[in-house]
Amino acid sequence: MKLLVNIDHVATLRNARSEDFPDPTEAAIICEKAGAAGIVFHLREDRRHIKDADVYKLKKAVKGLLDFEMGATDEMLSICTDIKPHLCTLVPEKREEITTEGGLNVGMIFDDYKTRVLPKLKEAGVPVSLFVEPSVKDMELCAELGVPVVELHTGTFANATGDDIKKELKRLKEAAERANSLGIQVNAGHGLNFNNIRPFLDHVPYVDEISIGHALIADAVFRGLPTTVGEMCEIINSYN
Ligand code: PXP
């Protein structure tokens with residue numbers, strides 16, 4: 001099992017001031033040095049966090065796995081087939097959403113992916129993962145599409161309370177088991193954090209890659225603040 005860190009929100013912070021720091025590529029290097037098996041980024045149509053130049057810098061700098069998350073537009077397919085990441089994770093993307101809101105509706109995208117999307121990525125030699133809801137039926141549709149990897153959407157589990165937590169873990173477990181029995185690699189992500197990662201791993205088998213972004217970047221800010229503020233205080237206090 002491997003951790004891949006999503007560094008989108010380092011770019012969010014950078015873009016808030018239109019500066020060139022903090023640099024998501026520098027963050028990616030730090031994450032890999034700390035033990036992450038790879039990096040995930042989502043190049044959105046509106047370029048709200050990761051920009052095209054970041055994608056090329058990441059491709060050069062990342063030594064481990066590089067997971068290119070994207071909506072299946074012709075523009076993104078063209079960038080992705082040029083970059084050739086280790087994995088392309090296809091997600092539903094809406095301009096107005098704050099973050100990816102759920103998995104693909106596999107029944108709805110089936111024909112388009114079969115005829116337009118998957119052949120392009122296959123021709124470029126880029127393995128594909130579909131970001132999907134943890135549903136046994138969807139695992140079967142993914143197998144029919146010949147997709148080698150799925151990423152199970154863990155967001156509903158992460159937001160669940162009370163009895164719904166068990167219900168969501170059961171759905172994730174059954175989907176992971178079905179995917180595995182069909183020979184599909186199981187990845188997972190969205191909303192995972194220090195509180196829910198253990199219950200998730202205790203219940204859901206066959207998980208290969210785990211993608212975590214927001215919780216890690218947010219935690220790093222809080223853990224980093226004492227060192228950073230302390231160092232600035234030392235300088236300023238030395239002038240008192
Ligand atoms: N996986 C997918 C497909 C995502 O869209 C995201 C969010 O960009 C993640 C994983 C990571 O989610 P989070 O930032 O909540 O950890």
Side-chain angles (χ1 to χ4, degrees), residues 1-13 15 24 27-28 31 36-51 54-55 58 65-73 76 80 85-106 109 113 117 121 126-135 138 142 147-160 168 172 175-176 179 184-201 204 207-222:
M1 197 149 37
K2 308 171 198 89
L3 171 67
L4 275 74
V5 181
N6 178 316
I7 42 76
D8 292 349
H9 291 319
V10 177
T12 305
L13 191 57
N15 299 350
C31 293
I39 299 300
V40 189
F41 65 87
H42 184 172
L43 183 66
R44 282 182 167 269
E45 191 189 11
D46 63 8
R47 310 305 200 260
R48 69 174 73 156
H49 36 57
I50 295 294
K51 313 271 187 202
D54 294 321
V55 175
L58 284 162
L65 305 174
L66 188 63
D67 183 352
F68 188 151
E69 191 186 312
M70 60 183 230
T73 61
M76 286 304 150
C80 185
H86 100 280
L87 188 65
C88 169
T89 297
L90 295 166
V91 301
E93 188 178 309
K94 290 192 226 127
R95 245 174 198 267
E96 65 278 12
E97 71 192 357
I98 291 171
T99 182
T100 313
E101 288 169 348
L104 291 160
N105 181 333
V106 187
I109 53 97
Y113 274 39
V117 179
L121 291 162
V126 178
V128 176
S129 170
L130 300 194
F131 184 54
V132 289
E133 292 303 316
S135 122
D138 282 359
C142 286
V147 167
V149 185
V150 291
E151 180 177 331
L152 299 179
H153 175 228
T154 51
T156 311
F157 154 68
N159 290 328
E168 288 306 319
L172 285 160
I184 298 175
Q185 177 182 316
V186 178
N187 294 348
H190 214 282
L192 294 174
N193 58 37
F194 283 105
N195 294 324
N196 59 28
I197 189 70
R198 285 182 192 280
F200 173 73
L201 294 178
V204 184
V207 178
D208 195 327
E209 294 169 15
I210 297 178
S211 162
I212 310 181
H214 186 261
L216 293 181
I217 303 304
D219 186 77
V221 170
F222 276 69

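Numbering of ligands and ligand atoms starts at 1, following listing order.
For the pair Asn193 and Ala215, the tightest heavy-atom approach, listed with the atom from each and the gap, is CB-CB, 3.5 Å. Nearest heavy atoms, Val150 versus Cys142: CG1-SG, 3.7 Å.
With sequence neighbours left out, the side chain to side chain donor-acceptor pair (under 3.5 Å) criterion links His49 to no other residue. Qualifying salt bridge (Lys or Arg N to Asp or Glu O under 4.0 Å) partners for Arg47, counting only residues two or more places apart in sequence or in other chains: Asp52, Glu75. Legend: residues meeting ring pair (Phe, Tyr, Trp, His ring centres under 6.0 Å) with His153, ordered by chain and number and at least two apart, are Phe131, His190.
Salt bridge status for Arg44 with Asp46: absent, with no side-chain N to carboxylate O gap under 4.0 Å.
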Can you produce the list of protein nitrogen or oxygen atoms under 3.5 Å from a nitrogen or oxygen of ligand 1, alongside each distance?
{"unit_1": "ligand 1", "atom_1": "1 (N)", "unit_2": "Glu151", "atom_2": "OE2", "d": "2.5"}
{"unit_1": "ligand 1", "atom_1": "5 (O)", "unit_2": "Glu69", "atom_2": "OE2", "d": "2.5"}
{"unit_1": "ligand 1", "atom_1": "5 (O)", "unit_2": "Thr100", "atom_2": "OG1", "d": "2.9"}
{"unit_1": "ligand 1", "atom_1": "8 (O)", "unit_2": "Asn6", "atom_2": "ND2", "d": "3.4"}
{"unit_1": "ligand 1", "atom_1": "14 (O)", "unit_2": "His214", "atom_2": "N", "d": "2.9"}
{"unit_1": "ligand 1", "atom_1": "15 (O)", "unit_2": "Gly191", "atom_2": "N", "d": "2.8"}
{"unit_1": "ligand 1", "atom_1": "16 (O)", "unit_2": "Gly213", "atom_2": "N", "d": "2.8"}

